[in-house]
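Remarks on the structure that follows.
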Amino acid sequence: MIKAIVGAGGKTSLIKKLAKQYWEQGKKVLICTTTHMYKEADSMVDASAEEIAAELNSKGYAMAGSDKGEKISALPAEVYETVCAQADVVLVEADGSKHKAIKFPAAHEPAVPENADEIIVVCGLHALGQPLAEVTHRPELAAQCLGVSEDTVITAEHIAKLLRKGYLEPLRQRYPQKKVSVYANHNGSLYQRALAALLEAEREFLPKQFAC
């Protein structure tokens with residue numbers, strides 16, 4: 001099972017959460033990226049497929065990538081293909097967001113691996129009530145999508161439309177055989193939990209001015 005995690009506002013946190021869940025189920029979990037991830041203390045840098053497979057078999061977990069200074073980047077294609085076959089679950093960080101809460105992707109994004117079974121689109125509800133330019137990666141694209149200025153305060157309706165127009169519709173068109181779902185990262189408040197549930201269920205709650 002290969003899951004590509006895209007979007008903004010909590011991709012790495014979700015990957016770690018899923019990795020823990022699957023590892024506790026006794027599954028061998030590989031974490032890697034098609035873009036960049038910060039190195040962890042146990043990250044395997046420039047490791048061979050054999051070394052990564054050995055780590056999976058001995059510990060049930062491995063984070064691996066190519067050396068990019070403070071970060072790791074994508075594994076070489078042949079290494080990636082080999083170790084995917086050795087893992088029960090592969091979690092791929094497949095998008096960049098510059099630590100922003102929300103994002104509208106450029107035409108070449110996200111970098112979903114062709115062998116992914118599922119794509120999870122992450123958004124951060126901590127963007128709510130904040131100026132678009134301060135909490136959005138590629139704010140000029142987001143503002144264009146929404147038809148607003150970059151100093152506009154982000155609402156739930158804005159986030160819903162950015163998810164739909166930036167990720168859900170194009171990804172489902174591009175990858176009709178892959179499952180595409182939403183994960184809304186929230187602060188635990190009743191309001192944000194309710195909003196997260198609506199976003200994840202893709203319930204229609206957009207005012208008419210945002211419908212398209």
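The basis for the numbers below is simple: all heavy atoms, side chains too, and nothing from hydrogens, waters or symmetry mates.
Using a cutoff of 4.0 Å between basic side-chain nitrogens and carboxylate oxygens, K11 and D95 are not scored as salt-bridged. Between E202 and R172 there is a salt bridge, since a side-chain N of the basic residue sits under 4.0 Å from a carboxylate O of the acidic one.
Between V121 and P110 the shortest side-chain heavy-atom distance does not fall below 4.5 Å. A 4.5 Å side-chain heavy-atom check between Y61 and I31 finds at least one atom pair inside the cut-off. Side-chain contact between T12 and E93: present, with at least one pair of heavy atoms (C-beta onward) separated by less than 4.5 Å. For the pair L14/N185, no side-chain contact is recorded, criterion being any heavy-atom separation below 4.5 Å from C-beta on. Using a 4.5 Å heavy-atom cutoff, the side chains of E114 and Y175 are in contact. A 4.5 Å side-chain heavy-atom check between I154 and Q130 finds every atom pair outside the cut-off. Within the 4.5 Å cutoff, side-chain heavy atoms of M1 are placed close to those of Y22. In this structure the side chain of K103 reaches within 4.5 angstrom of the side chain of P105, judged on heavy atoms.
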side-chain contact (heavy atoms from CB on, under 4.5 Å) for L199 and L125? Distances and angles first, verdict last. CA-CA 10 Å; L199 291 170; L125 298 188; 3.7 Å; yes
Kindly determine whether V148 and H158 satisfy side-chain contact (heavy atoms from CB on, under 4.5 Å), including the steps that lead there. CA-CA 10 Å; V148 299; H158 292 139; 4.3 Å; yes
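Within the model, atoms CD1 of I120 and CD1 of I5 stand 4.0 Å from one another, a figure rounded to the nearest 0.5 Å. To the nearest 0.5 Å, atom CG of residue L18 and atom CG of residue L91 are 5.5 Å apart. Taking CD1 of I72 as the start and OG of S43 as the end, the distance is 4.5 Å to the nearest 0.5 Å. To the nearest 0.5 Å, atom CG of residue L146 and atom NZ of residue K161 are 6.0 Å apart.
Atom CD of E70 is surrounded by 12 or fewer heavy atoms from other residues, nucleotides or ligands within 6.0 Å.
A donor-acceptor pair is defined here as one N or O able to donate and one able to accept, closer than 3.5 Å; no such pair exists between the side chain of K178 and the backbone of I119.
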